[in-house]
2 protein chains.
Amino acid sequence: MTRAAKKKASETPEKTTRIQEINRRLILDAALDVFSNYGFRGTTIDQIAEKAGMSKPNLLYYFPRKQNIYVTLLEETLAEWLAPLAEIDADGDPIEQLRNYITLKINMSESHPEASRLFANEVLHGAPAISDFLTKHLKPLVDEKAAVIRRWVGEGKLAPVDPYHLIFMIWATTQHYADFDVQVRAIMGSQVGRPGFREQTAQAVLSIILNGIRPRPVS
Amino acid sequence: MTRAAKKKASETPEKTTRIQEINRRLILDAALDVFSNYGFRGTTIDQIAEKAGMSKPNLLYYFPRKQNIYVTLLEETLAEWLAPLAEIDADGDPIEQLRNYITLKINMSESHPEASRLFANEVLHGAPAISDFLTKHLKPLVDEKAAVIRRWVGEGKLAPVDPYHLIFMIWATTQHYADFDVQVRAIMGSQVGRPGFREQTAQAVLSIILNGIRPRPVS
DNA sequence: CTGCATTTTGACCAAGTAGTCAAGTTTTTG
DNA sequence: CAAAAACTTGACTACTTGGTCAAAATGCAG
């Protein structure tokens, strides 16, 4: 009975104390940093503990297994990461909706690159921890939005385009700037850090994709 | 003096025997499989040795360090992976050249997904082993092709588009199908394995990007 | 302020893993 | 067909790392 917040099996609500809240946050923040840089296997509990400013046994008091930290982190991140997709409004203007979606994704890629990398690494290695999430939550959401895009195409508001591949292209392109940051920097050099870079990126990506799917007269 | 292919310090040509050639190949093939799935830290020498069908000390006879296998593999892969970019012909028809480039990349993504993942994983984690390659070989090549694209834009043969972001978009989109394969499968299900899938993907990607950069009359 | 619950940690353990070594086996070569 | 060179491996070492544990320190309710 040494587990945190556990007095009797009956007390299901699992009351969390002030200290628990603080320390779990500290751990998860540190873990995001480390996991996103080194991957699951490449990360040691000691690294996370040091970054979180506590001893390893203390960290393990809050998350008894390394896996627990990782999974909690992924769950926490995924919802937030997918949110913009859910916001696509079937009744809005197609180009406007997609422009907004792409812009949001590019902004997230810049503001939370670690989240993007954490996710990319997980999927790259076969998504062992989140394959359930992919089929149970992601797929239905994508199916729904794909149907919306397909309707837009049917109504002639977009050029004929496969909605799934369009969504993949948006994901790939926007997340590329977080996931392949080192490569982007190696090629574009000092431009990357500069103030207007995000806007320049957004402009370029939007220009190609939106013009690529804008309805065309003949064919 | 237990290193392979090393008799005297003077014999620089490093003659390789028949057995060396066979076994190095065996090791590198096995290593590509394992490294691309589990990453550098996630891979054990024993795993590679078993897959290559030899004992661990024997493997270490050919590659004294784990790092050596990894770096050799990356170097071998990178040249091949970048080749299509070099083939873009400044004197060809822009749309044709880019169509060909994108098609080649999509085909490679399907035929050598492990190579794509190996590379993606390396870059995702900061490219510690290949940052030199990125700046010394990749950047100059990209700069050269970007200049070509910029010229095409200047001649009105392409819509105004930032050449670097266009190249990134092509990379991101095509490699997405290898790197995020699990996610693509989770969403598109059985379609992915089916015969025409690569063609369908190519068609969708080409349609969006090429229409996105085709010269437009007004603005 | 006291006694119980929660939190913290030093010391430790067991498993896993990169790399070594010396002794054997096979291949090549003169 | 020796003898040398190249190749192969079982047994081992040193080290890292996930996780345990018991005891100490701290927080907190009455």
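Every chain is numbered from 1, with letters handed out A, B, ... down the list of sequences.
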When you measure from the side-chain N and O atoms of [X] to the phosphate of [N], is any distance below 4.0 Å, counting only OP1 and OP2?
X	N	value
B:Arg65	C:dG19	yes
A:Gln20	C:dT6	no
A:Asn23	C:dT8	yes
B:Tyr62	D:dA6	no

Taking for each residue the nucleotide of DNA chain C with the nearest heavy atom, is it A:Asn58 or A:Arg41 whose nucleotide lies nearer the 5' end? A:Asn58
Separation of atom [atom1] in [X] from atom [atom2] in [N], rounded to whole Å:
X	N	atom1	atom2	result
A:Glu21	C:dT7	CD	C1'	16 Å
B:Tyr70	C:dA18	OH	P	14 Å
A:Leu59	C:dG10	CG	C1'	16 Å
B:Phe63	C:dT20	CZ	P	16 Å
A:Leu60	C:dG10	CG	C1'	14 Å
A:Asp46	C:dC12	CG	P	17 Å
B:Tyr61	D:dA5	OH	C1'	8 Å
B:Arg24	D:dA6	CZ	P	15 Å

Start with the C-alpha gap between A:Tyr38 and A:Gln47, add the side-chain angles, then the distance that decides, and say whether side-chain hydrogen bond (donor to acceptor under 3.5 Å, both in side chains) holds. CA-CA 11 Å; A:Tyr38 303 101; A:Gln47 270 178 294; 4.6 Å; no
Within the structure provided, determine whether [X] and [Y] are in side-chain contact (heavy-atom separation under 4.5 Å).
X	Y	answer
A:Val71	A:Asn68	no
A:Leu85	A:Trp171	yes
B:Gln67	B:Phe40	yes

State, to 0.1 Å, how close A:Leu118 and A:Ser36 come at their nearest heavy-atom pair, and which atoms those are. N-CB, 4.0 Å
Could you please name the option among [options] that lies closest to any side-chain atom of [X]?
X	options	answer
A:Ile45	D:dT8, D:dG18, D:dT20	D:dG18
A:Lys66	D:dG19, C:dT7, D:dT8	D:dG19
A:Thr44	D:dT17, D:dC7, C:dT8	D:dT17

Between A:Trp81 and A:Glu76, is any side-chain donor less than 3.5 angstrom from a side-chain acceptor? no
Does any donor atom in the side chain of A:Arg198 or A:Asn107 lie under 3.5 Å from an acceptor atom in the other side chain? yes
Identify, residue by residue, the members of residues 48-57 of chain B with a heavy atom below 4.0 Å from DNA chain C, and return them in order of residue number, or none. B:Lys56, B:Pro57
Do B:His125 and B:Tyr70 have ring centroids that are under 6.0 Å from one another? no
Verify the ring-centre separation between A:Phe119 and A:His112: is it less than 6.0 angstrom? no
Tell me, please, which residues at least two apart from B:Asp89 pass side chain to side chain contact (heavy atoms under 4.5 Å, CB included). B:Asp91, B:Gln97
Polar atoms only, N or O, under 3.5 Å: list the protein pairs with nucleotides 25-30 of chain D and their distances.
| residue | atom | partner | partner atom | Å |
| --- | --- | --- | --- | --- |
| D:dC28 | OP1 | A:Arg18 | NH2 | 3.4 |

